[in-house]
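Chain letters run A, B, ... following the sequence lines, proteins first and then strands; every chain starts at 1.
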Protein chains: 2
Amino acid sequence: MALRLLDEHGLPDLTMRNLADALGVQPSALYWHFPNKQALLAAVSARILAPVSEMSTSGTTIHATSVHDQVRDLGDTLRECLLTYRDGAELVSSSLAFGLIESPVHPKLLEATKDADISERLVRIAAATLTHYVVGYAFHEQQRLQADSLGLLPADAELTPEAAGETAAHTGADDFDAGIAMIADGFEAAIRSSSTVG
Amino acid sequence: MALRLLDEHGLPDLTMRNLADALGVQPSALYWHFPNKQALLAAVSARILAPVSEMSTSGTTIHATSVHDQVRDLGDTLRECLLTYRDGAELVSSSLAFGLIESPVHPKLLEATKDADISERLVRIAAATLTHYVVGYAFHEQQRLQADSLGLLPADAELTPEAAGETAAHTGADDFDAGIAMIADGFEAAIRSSSTVG
DNA sequence: ACCTGAACACCGTTCAAGT
DNA sequence: ACCTGAACACCGTTCAAGT
(Lines give C-alpha, C1' and ligand atoms only; values in the text may rest on other atoms or scores of the structure.)
Protein backbone atom coordinates (compact mmCIF):
# COMPACT_ATOMS: atom_id res chain seq x y z
CA MET A 1 0.00 0.00 0.00
CA ALA A 2 2.88 2.35 0.80
CA LEU A 3 4.38 1.55 -2.60
CA ARG A 4 1.06 2.45 -4.21
CA LEU A 5 0.72 5.72 -2.32
CA LEU A 6 4.32 6.57 -3.18
CA ASP A 7 3.79 6.09 -6.89
CA GLU A 8 0.43 7.87 -7.00
CA HIS A 9 1.10 10.87 -4.74
CA GLY A 10 4.85 11.08 -4.18
CA LEU A 11 7.14 10.84 -1.18
CA PRO A 12 5.99 14.04 0.59
CA ASP A 13 2.44 12.66 0.77
CA LEU A 14 3.54 9.24 1.96
CA THR A 15 2.79 10.05 5.61
CA MET A 16 1.89 7.66 8.39
CA ARG A 17 -1.50 9.33 8.58
CA ASN A 18 -2.24 9.04 4.85
CA LEU A 19 -1.04 5.44 4.80
CA ALA A 20 -3.24 4.59 7.78
CA ASP A 21 -6.19 6.26 6.08
CA ALA A 22 -5.64 4.27 2.90
CA LEU A 23 -5.57 1.08 4.99
CA GLY A 24 -8.72 2.07 6.87
CA VAL A 25 -6.89 2.12 10.17
CA GLN A 26 -5.64 4.56 12.80
CA PRO A 27 -2.08 5.94 12.41
CA SER A 28 -1.03 4.42 15.71
CA ALA A 29 -1.86 0.96 14.36
CA LEU A 30 1.17 1.18 12.04
CA TYR A 31 3.48 1.27 15.05
CA TRP A 32 2.61 -2.28 15.94
CA HIS A 33 4.08 -3.39 12.59
CA PHE A 34 7.01 -0.97 12.24
CA PRO A 35 9.04 0.72 14.99
CA ASN A 36 9.04 4.03 13.08
CA LYS A 37 8.56 5.64 9.70
CA GLN A 38 12.16 5.16 8.57
CA ALA A 39 11.89 1.39 9.05
CA LEU A 40 8.72 1.35 6.98
CA LEU A 41 10.42 3.35 4.23
CA ALA A 42 13.38 0.98 4.31
CA ALA A 43 11.02 -1.93 3.69
CA VAL A 44 9.53 -0.06 0.74
CA SER A 45 13.04 0.64 -0.58
CA ALA A 46 13.90 -3.06 -0.41
CA ARG A 47 10.83 -3.84 -2.49
CA ILE A 48 11.84 -1.28 -5.10
CA LEU A 49 15.29 -2.86 -5.36
CA ALA A 50 14.03 -6.46 -5.44
CA PRO A 51 14.49 -6.87 -9.23
CA VAL A 52 18.23 -6.20 -8.82
CA SER A 53 18.52 -8.82 -6.08
CA GLU A 54 16.68 -11.29 -8.28
CA MET A 55 18.81 -10.74 -11.40
CA SER A 56 20.18 -13.91 -12.93
CA THR A 57 23.88 -13.93 -12.21
CA SER A 58 25.49 -14.73 -15.52
CA GLY A 59 28.85 -15.49 -13.91
CA THR A 60 28.52 -19.26 -13.99
CA THR A 61 27.19 -19.67 -17.52
CA ILE A 62 29.27 -21.16 -20.28
CA HIS A 63 30.01 -18.03 -22.27
CA ALA A 64 31.12 -15.65 -19.55
CA THR A 65 30.10 -12.09 -20.34
CA SER A 66 32.75 -9.43 -19.90
CA VAL A 67 33.13 -7.47 -16.70
CA HIS A 68 32.21 -4.39 -18.66
CA ASP A 69 28.85 -5.90 -19.62
CA GLN A 70 28.14 -7.14 -16.10
CA VAL A 71 28.64 -3.63 -14.76
CA ARG A 72 26.43 -2.17 -17.47
CA ASP A 73 23.63 -4.65 -16.82
CA LEU A 74 23.72 -3.98 -13.10
CA GLY A 75 23.70 -0.22 -13.58
CA ASP A 76 20.88 -0.31 -16.12
CA THR A 77 18.70 -2.59 -14.00
CA LEU A 78 19.28 -0.51 -10.88
CA ARG A 79 18.35 2.66 -12.72
CA GLU A 80 15.21 1.02 -14.10
CA CYS A 81 14.09 0.01 -10.61
CA LEU A 82 14.61 3.50 -9.24
CA LEU A 83 12.65 5.13 -12.06
CA THR A 84 9.76 2.66 -11.85
CA TYR A 85 8.09 4.39 -8.90
CA ARG A 86 7.62 8.09 -8.36
CA ASP A 87 10.35 9.48 -6.06
CA GLY A 88 11.88 5.99 -5.96
CA ALA A 89 15.45 7.26 -6.34
CA GLU A 90 15.08 9.79 -3.53
CA LEU A 91 13.61 7.20 -1.19
CA VAL A 92 16.28 4.58 -1.91
CA SER A 93 19.03 7.18 -1.73
CA SER A 94 18.18 8.08 1.84
CA SER A 95 17.56 4.51 2.96
CA LEU A 96 21.00 3.56 1.64
CA ALA A 97 22.72 6.57 3.15
CA PHE A 98 21.23 5.98 6.58
CA GLY A 99 22.39 2.38 6.44
CA LEU A 100 18.86 1.00 6.70
CA ILE A 101 19.30 -1.18 3.62
CA GLU A 102 22.28 -2.60 1.75
CA SER A 103 22.92 -2.02 -1.93
CA PRO A 104 22.09 -5.22 -3.85
CA VAL A 105 24.84 -4.27 -6.32
CA HIS A 106 27.63 -5.52 -4.09
CA PRO A 107 26.50 -9.16 -3.67
CA LYS A 108 25.47 -9.29 -7.34
CA LEU A 109 28.85 -8.07 -8.55
CA LEU A 110 30.57 -10.57 -6.25
CA GLU A 111 28.55 -13.40 -7.78
CA ALA A 112 29.15 -12.18 -11.31
CA THR A 113 32.94 -11.95 -10.85
CA LYS A 114 33.56 -14.93 -8.60
CA ASP A 115 35.09 -17.00 -11.41
CA ALA A 116 37.59 -14.30 -12.31
CA ASP A 117 40.50 -13.64 -9.96
CA ILE A 118 39.50 -10.24 -8.60
CA SER A 119 40.14 -9.04 -5.07
CA GLU A 120 37.02 -8.57 -2.94
CA ARG A 121 38.17 -5.09 -2.07
CA LEU A 122 38.14 -4.07 -5.74
CA VAL A 123 34.66 -5.51 -6.19
CA ARG A 124 33.44 -3.67 -3.09
CA ILE A 125 34.84 -0.38 -4.38
CA ALA A 126 33.39 -0.84 -7.85
CA ALA A 127 30.00 -1.71 -6.35
CA ALA A 128 30.04 1.41 -4.16
CA THR A 129 31.08 3.62 -7.05
CA LEU A 130 28.43 2.19 -9.32
CA THR A 131 25.68 2.39 -6.69
CA HIS A 132 26.40 5.97 -5.71
CA TYR A 133 26.63 7.07 -9.32
CA VAL A 134 23.41 5.41 -10.45
CA VAL A 135 21.37 6.46 -7.41
CA GLY A 136 22.63 10.04 -7.58
CA TYR A 137 22.06 10.25 -11.30
CA ALA A 138 18.56 8.74 -11.13
CA PHE A 139 17.61 11.02 -8.23
CA HIS A 140 18.55 14.09 -10.23
CA GLU A 141 17.02 12.67 -13.40
CA GLN A 142 13.72 11.79 -11.74
CA GLN A 143 13.48 15.27 -10.31
CA ARG A 144 13.91 16.80 -13.77
CA LEU A 145 11.42 14.43 -15.33
CA GLN A 146 8.78 15.28 -12.76
CA ALA A 147 9.45 19.00 -13.04
CA ASP A 148 9.07 18.69 -16.80
CA SER A 149 5.80 16.83 -16.51
CA LEU A 150 4.45 19.68 -14.40
CA GLY A 151 5.24 22.15 -17.19
CA LEU A 152 8.08 23.78 -15.30
CA LEU A 153 11.28 24.27 -17.24
CA PRO A 154 14.22 22.69 -15.41
CA ALA A 155 16.59 25.20 -13.79
CA ASP A 156 19.58 23.49 -15.42
CA ALA A 157 18.48 24.50 -18.91
CA GLU A 158 18.81 28.21 -18.29
CA LEU A 159 22.46 28.18 -17.30
CA THR A 160 23.91 27.96 -20.82
CA PRO A 161 21.75 30.40 -22.74
CA GLU A 162 23.94 30.42 -25.85
CA ALA A 163 23.77 26.65 -26.30
CA ALA A 164 20.22 26.82 -27.54
CA GLY A 165 20.68 24.12 -30.13
CA GLU A 166 21.57 21.42 -27.64
CA THR A 167 19.26 22.20 -24.78
CA ALA A 168 16.55 19.58 -24.94
CA ALA A 169 16.45 15.82 -24.80
CA HIS A 170 20.05 15.17 -25.81
CA THR A 171 21.52 15.30 -22.33
CA GLY A 172 19.71 12.13 -21.32
CA ALA A 173 20.22 8.40 -21.25
CA ASP A 174 23.34 8.53 -23.44
CA ASP A 175 25.19 10.42 -20.75
CA PHE A 176 24.11 7.87 -18.20
CA ASP A 177 25.51 5.03 -20.29
CA ALA A 178 28.76 6.91 -20.82
CA GLY A 179 29.15 7.36 -17.06
CA ILE A 180 28.56 3.65 -16.52
CA ALA A 181 31.14 2.89 -19.21
CA MET A 182 33.66 5.14 -17.45
CA ILE A 183 33.17 3.27 -14.19
CA ALA A 184 33.44 -0.10 -15.94
CA ASP A 185 36.64 0.97 -17.69
CA GLY A 186 38.08 2.20 -14.40
CA PHE A 187 37.19 -1.11 -12.79
CA GLU A 188 38.92 -3.06 -15.55
CA ALA A 189 41.98 -0.83 -15.34
CA ALA A 190 42.16 -1.46 -11.59
CA ILE A 191 41.83 -5.22 -12.17
CA ARG A 192 44.68 -5.14 -14.70
CA SER A 193 47.06 -3.17 -12.50
CA SER A 194 46.35 -5.28 -9.42
CA SER A 195 46.90 -8.58 -11.21
CA THR A 196 50.07 -7.18 -12.79
CA VAL A 197 51.44 -6.24 -9.38
CA GLY A 198 50.17 -9.25 -7.42
CA MET B 1 23.26 31.35 11.40
CA ALA B 2 21.65 28.43 9.57
CA LEU B 3 25.12 27.01 8.96
CA ARG B 4 25.85 27.26 12.68
CA LEU B 5 22.58 25.60 13.69
CA LEU B 6 23.21 22.86 11.13
CA ASP B 7 26.63 22.06 12.52
CA GLU B 8 25.60 22.24 16.17
CA HIS B 9 22.25 20.46 16.10
CA GLY B 10 21.96 18.68 12.74
CA LEU B 11 19.63 18.94 9.77
CA PRO B 12 16.46 17.68 11.51
CA ASP B 13 16.67 20.55 14.01
CA LEU B 14 17.35 23.16 11.34
CA THR B 15 13.73 24.31 11.25
CA MET B 16 12.39 27.70 10.29
CA ARG B 17 11.14 28.10 13.85
CA ASN B 18 14.50 27.24 15.46
CA LEU B 19 16.36 29.46 13.03
CA ALA B 20 14.00 32.35 13.72
CA ASP B 21 14.45 31.82 17.47
CA ALA B 22 18.24 31.87 17.12
CA LEU B 23 17.96 35.15 15.21
CA GLY B 24 15.59 36.65 17.77
CA VAL B 25 12.82 37.00 15.22
CA GLN B 26 9.44 35.50 14.32
CA PRO B 27 9.40 32.52 11.88
CA SER B 28 7.33 34.52 9.39
CA ALA B 29 10.13 37.10 9.16
CA LEU B 30 12.30 34.57 7.30
CA TYR B 31 9.79 34.54 4.44
CA TRP B 32 10.66 38.09 3.54
CA HIS B 33 14.25 36.94 2.78
CA PHE B 34 13.59 33.50 1.29
CA PRO B 35 10.55 32.25 -0.62
CA ASN B 36 10.62 28.91 1.25
CA LYS B 37 12.76 26.57 3.30
CA GLN B 38 14.26 24.77 0.29
CA ALA B 39 15.64 28.05 -1.08
CA LEU B 40 17.21 28.80 2.27
CA LEU B 41 18.77 25.34 2.39
CA ALA B 42 20.08 25.80 -1.15
CA ALA B 43 21.84 28.98 -0.05
CA VAL B 44 23.40 27.07 2.85
CA SER B 45 24.48 24.32 0.44
CA ALA B 46 26.18 26.87 -1.80
CA ARG B 47 28.14 28.16 1.20
CA ILE B 48 29.25 24.64 2.08
CA LEU B 49 30.52 24.12 -1.49
CA ALA B 50 32.23 27.51 -1.76
CA PRO B 51 35.78 26.12 -1.22
CA VAL B 52 35.38 23.96 -4.33
CA SER B 53 34.28 26.93 -6.42
CA GLU B 54 37.26 28.90 -5.13
CA MET B 55 39.88 26.22 -5.87
CA SER B 56 42.88 27.43 -7.83
CA THR B 57 42.53 25.99 -11.29
CA SER B 58 45.94 24.53 -12.03
CA GLY B 59 45.15 24.10 -15.71
CA THR B 60 46.97 27.21 -16.90
CA THR B 61 50.14 26.82 -14.83
CA ILE B 62 53.46 25.90 -16.43
CA HIS B 63 53.73 22.30 -15.26
CA ALA B 64 50.31 20.93 -16.11
CA THR B 65 49.22 18.34 -13.58
CA SER B 66 47.75 15.13 -14.98
CA VAL B 67 44.03 14.66 -15.51
CA HIS B 68 44.18 11.93 -12.91
CA ASP B 69 45.48 14.37 -10.28
CA GLN B 70 42.94 17.04 -11.20
CA VAL B 71 40.12 14.59 -10.65
CA ARG B 72 41.62 13.45 -7.35
CA ASP B 73 42.04 17.01 -6.08
CA LEU B 74 38.47 17.89 -6.99
CA GLY B 75 37.07 14.77 -5.37
CA ASP B 76 39.10 15.21 -2.19
CA THR B 77 38.18 18.88 -1.81
CA LEU B 78 34.50 18.18 -2.42
CA ARG B 79 34.51 15.42 0.19
CA GLU B 80 36.26 17.69 2.68
CA CYS B 81 33.61 20.39 2.23
CA LEU B 82 30.78 17.94 2.74
CA LEU B 83 32.30 16.51 5.93
CA THR B 84 33.09 19.92 7.42
CA TYR B 85 29.55 20.53 8.68
CA ARG B 86 27.25 18.06 10.39
CA ASP B 87 24.79 16.55 7.87
CA GLY B 88 26.52 18.58 5.14
CA ALA B 89 26.49 15.72 2.63
CA GLU B 90 22.80 15.01 3.11
CA LEU B 91 21.91 18.68 2.70
CA VAL B 92 23.99 19.15 -0.44
CA SER B 93 22.79 15.86 -1.88
CA SER B 94 19.18 16.96 -1.83
CA SER B 95 19.88 20.51 -3.02
CA LEU B 96 21.76 19.05 -6.01
CA ALA B 97 19.12 16.44 -6.77
CA PHE B 98 16.30 18.97 -6.70
CA GLY B 99 18.25 21.20 -9.09
CA LEU B 100 18.41 24.08 -6.63
CA ILE B 101 22.19 24.36 -6.95
CA GLU B 102 24.73 23.31 -9.55
CA SER B 103 27.71 21.11 -8.80
CA PRO B 104 30.88 23.27 -8.79
CA VAL B 105 32.77 20.23 -10.08
CA HIS B 106 31.65 20.72 -13.67
CA PRO B 107 32.98 24.28 -14.23
CA LYS B 108 36.14 23.46 -12.30
CA LEU B 109 36.87 20.39 -14.40
CA LEU B 110 36.22 22.42 -17.55
CA GLU B 111 38.76 25.01 -16.45
CA ALA B 112 41.29 22.39 -15.48
CA THR B 113 41.08 20.56 -18.80
CA LYS B 114 40.61 23.46 -21.19
CA ASP B 115 44.20 23.25 -22.52
CA ALA B 116 43.85 19.58 -23.35
CA ASP B 117 41.74 18.55 -26.33
CA ILE B 118 38.83 16.93 -24.52
CA SER B 119 35.21 17.05 -25.66
CA GLU B 120 32.88 19.02 -23.40
CA ARG B 121 30.54 16.07 -23.29
CA LEU B 122 33.23 13.86 -21.78
CA VAL B 123 34.03 16.48 -19.17
CA ARG B 124 30.36 16.84 -18.30
CA ILE B 125 30.00 13.10 -17.84
CA ALA B 126 33.14 12.81 -15.75
CA ALA B 127 31.97 15.71 -13.58
CA ALA B 128 28.57 14.11 -13.04
CA THR B 129 30.10 10.74 -12.23
CA LEU B 130 32.57 12.27 -9.79
CA THR B 131 29.95 14.45 -8.11
CA HIS B 132 27.42 11.68 -7.62
CA TYR B 133 30.06 9.30 -6.33
CA VAL B 134 31.60 11.74 -3.83
CA VAL B 135 28.29 13.08 -2.53
CA GLY B 136 26.80 9.60 -2.17
CA TYR B 137 29.91 8.26 -0.50
CA ALA B 138 30.20 11.18 1.90
CA PHE B 139 26.50 11.00 2.76
CA HIS B 140 26.83 7.35 3.74
CA GLU B 141 30.16 7.96 5.45
CA GLN B 142 28.88 10.89 7.51
CA GLN B 143 25.93 8.83 8.66
CA ARG B 144 28.24 6.08 9.89
CA LEU B 145 30.56 8.55 11.58
CA GLN B 146 27.70 10.15 13.47
CA ALA B 147 26.21 6.79 14.44
CA ASP B 148 29.62 5.77 15.76
CA SER B 149 30.02 8.93 17.80
CA LEU B 150 26.70 8.18 19.46
CA GLY B 151 27.99 4.80 20.61
CA LEU B 152 25.79 2.89 18.21
CA LEU B 153 27.44 0.19 16.21
CA PRO B 154 26.89 0.68 12.47
CA ALA B 155 24.44 -1.76 10.93
CA ASP B 156 26.92 -2.54 8.15
CA ALA B 157 29.35 -4.17 10.57
CA GLU B 158 27.03 -6.96 11.54
CA LEU B 159 26.50 -8.33 8.07
CA THR B 160 29.79 -10.21 7.80
CA PRO B 161 30.09 -11.76 11.25
CA GLU B 162 32.98 -14.05 10.36
CA ALA B 163 35.16 -11.21 9.12
CA ALA B 164 35.86 -10.04 12.67
CA GLY B 165 39.47 -9.12 11.96
CA GLU B 166 38.67 -6.55 9.32
CA THR B 167 35.59 -4.89 10.78
CA ALA B 168 36.79 -1.55 12.05
CA ALA B 169 38.52 1.45 10.57
CA HIS B 170 39.98 -0.25 7.51
CA THR B 171 37.02 0.25 5.21
CA GLY B 172 37.52 3.97 5.22
CA ALA B 173 39.32 6.70 3.31
CA ASP B 174 41.41 4.25 1.28
CA ASP B 175 38.30 2.91 -0.39
CA PHE B 176 37.22 6.43 -1.19
CA ASP B 177 40.54 7.15 -2.90
CA ALA B 178 40.33 3.91 -4.85
CA GLY B 179 36.87 4.84 -6.11
CA ILE B 180 38.14 8.23 -7.22
CA ALA B 181 41.03 6.53 -8.97
CA MET B 182 38.63 4.24 -10.81
CA ILE B 183 36.65 7.22 -12.07
CA ALA B 184 39.82 9.04 -13.11
CA ASP B 185 41.10 5.96 -14.97
CA GLY B 186 37.76 5.58 -16.72
CA PHE B 187 37.87 9.26 -17.72
CA GLU B 188 41.34 8.87 -19.16
CA ALA B 189 40.33 5.72 -21.03
CA ALA B 190 37.38 7.59 -22.54
CA ILE B 191 39.68 10.47 -23.55
CA ARG B 192 42.07 8.06 -25.27
CA SER B 193 39.40 6.20 -27.21
CA SER B 194 37.66 9.40 -28.33
CA SER B 195 40.87 11.04 -29.56
CA THR B 196 41.81 7.81 -31.32
CA VAL B 197 38.51 7.74 -33.15
CA GLY B 198 38.18 11.48 -33.77
C1' DA C 1 -2.25 -10.22 18.76
C1' DC C 2 -3.74 -6.21 16.91
C1' DC C 3 -6.10 -1.89 17.04
C1' DT C 4 -8.54 2.63 18.89
C1' DG C 5 -8.72 7.30 20.97
C1' DA C 6 -6.67 10.94 22.53
C1' DA C 7 -3.09 13.47 23.38
C1' DC C 8 1.94 15.61 23.03
C1' DA C 9 5.14 18.25 20.87
C1' DC C 10 6.07 19.75 17.05
C1' DC C 11 6.19 21.33 11.57
C1' DG C 12 6.08 24.96 6.98
C1' DT C 13 3.54 28.64 5.31
C1' DT C 14 0.26 32.64 4.80
C1' DC C 15 -1.33 37.14 5.55
C1' DA C 16 -3.34 41.15 7.56
C1' DA C 17 -1.45 44.47 10.28
C1' DG C 18 2.11 47.16 12.30
C1' DT C 19 6.47 50.51 12.16
C1' DA D 1 11.67 47.76 3.86
C1' DC D 2 11.22 44.62 7.31
C1' DC D 3 8.82 42.42 10.98
C1' DT D 4 4.83 40.77 14.34
C1' DG D 5 0.75 38.01 15.71
C1' DA D 6 -2.21 34.80 14.87
C1' DA D 7 -3.89 31.39 12.49
C1' DC D 8 -4.22 27.16 9.07
C1' DA D 9 -3.35 22.68 7.95
C1' DC D 10 -0.63 19.56 8.84
C1' DC D 11 3.35 16.14 10.96
C1' DG D 12 5.61 11.55 13.80
C1' DT D 13 5.08 9.23 17.97
C1' DT D 14 3.34 7.47 22.55
C1' DC D 15 0.38 5.00 25.45
C1' DA D 16 -3.45 3.61 28.16
C1' DA D 17 -7.29 1.16 27.01
C1' DG D 18 -10.05 -1.83 24.37
C1' DT D 19 -11.24 -6.64 21.94
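Using atom C1' as the reference point in both C/dC8 and D/dC11, the two lie 12 Å apart (nearest Å). For the C1' atom pair drawn from C/dC3 and D/dA16, the interatomic distance equals 13 Å after rounding to whole Å. Taking atom P on both D/dA9 and C/dC10, the two are 22 Å apart, rounded to the nearest angstrom.
Summarising the base pairing, C/dA7 is matched to D/dT13 through a Watson-Crick or G-U wobble pair whose two defining distances lie under 3.5 Å. Across all strands shown, C/dA1 pairs with D/dT19; the Watson-Crick or G-U wobble distances both stay below 3.5 Å.
C/dA9 atom P lies 17 Å from atom CG of B/Asp21, rounded to whole Å. The distance from atom CZ of B/Arg17 to atom P of C/dT13 is 11 Å, rounded to the nearest whole Å. The interatomic distance linking A/Gln26 (CD) with C/dG5 (C1') rounds to 7 Å, in whole Å. Summarising the geometry, the separation between CG on A/Leu19 and C1' on D/dT13 is reported as 15 Å, rounded to the nearest angstrom. Taking atom CG on B/Leu14 and atom C1' on C/dC10, their separation rounds to 15 Å, with Å as the unit. As rounded to whole Å, 14 Å separates atom P of D/dG12 from atom CZ of A/Phe34. D/dC10 atom P lies 14 Å from atom NE2 of A/His9, rounded to whole Å. Atom CG in B/Leu30 sits about 14 Å away from atom C1' in C/dT14, given to the nearest Å.
Nearest nucleotide to the A/Trp32 side chain, out of C/dA1, C/dT13, D/dC11: C/dA1. Listed nucleotides D/dG12, C/dC3, D/dC3 differ in distance to B/His33; the shortest reach to its side chain belongs to D/dC3. Counting only heavy atoms from C-beta on, B/Lys37 has its side chain closest to C/dG12 among D/dT13, D/dT4, C/dG12. Among the nucleotides D/dT14, C/dT14, D/dA7, the one closest to the side chain of A/Tyr31 is D/dT14. Taking every side-chain heavy atom of A/Met16 into account, D/dG12 is the closest of D/dG12, C/dC3, D/dC3. Of the listed nucleotides (D/dT4, C/dT4, C/dC3), C/dT4 has the atom at the smallest distance from the side chain of A/Ser28.
The structure places CD1 of B/Ile101 at 8.0 Å from OG of B/Ser103, a figure rounded to the nearest 0.5 Å. Between A/Leu130 atom CG and A/Gln70 atom CD the span is 12.0 Å, to the nearest 0.5 Å.
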Go through A/Leu82 and A/Gln142 one step at a time and tell me if the side chain to side chain contact (heavy atoms under 4.5 Å, CB included) criterion holds.
CA-CA 9 Å; A/Leu82 298 176; A/Gln142 200 163 44; 5.7 Å; no

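Aromatic ring pairs are classed by plane angle as parallel below 30°, tilted from 30° to 60° and perpendicular above 60°; the pair B/Phe176 and B/Tyr133 is parallel.
Nucleic acid contact for A/Asn18: sugar-phosphate only, since backbone atoms but no base atoms lie under 4.0 Å from a heavy atom of the residue.
B/Ile48 is listed as a side-chain neighbour of B/Leu6, based on a closest heavy-atom distance under 4.5 Å.
By the 6.0 Å and 45° rule, B/Arg79 does not stack over the aromatic ring of B/Tyr137.
With hydrogens and angles ignored, no donor-acceptor pair under 3.5 angstrom links the side chain of A/Thr15 to the base of D/dG12.
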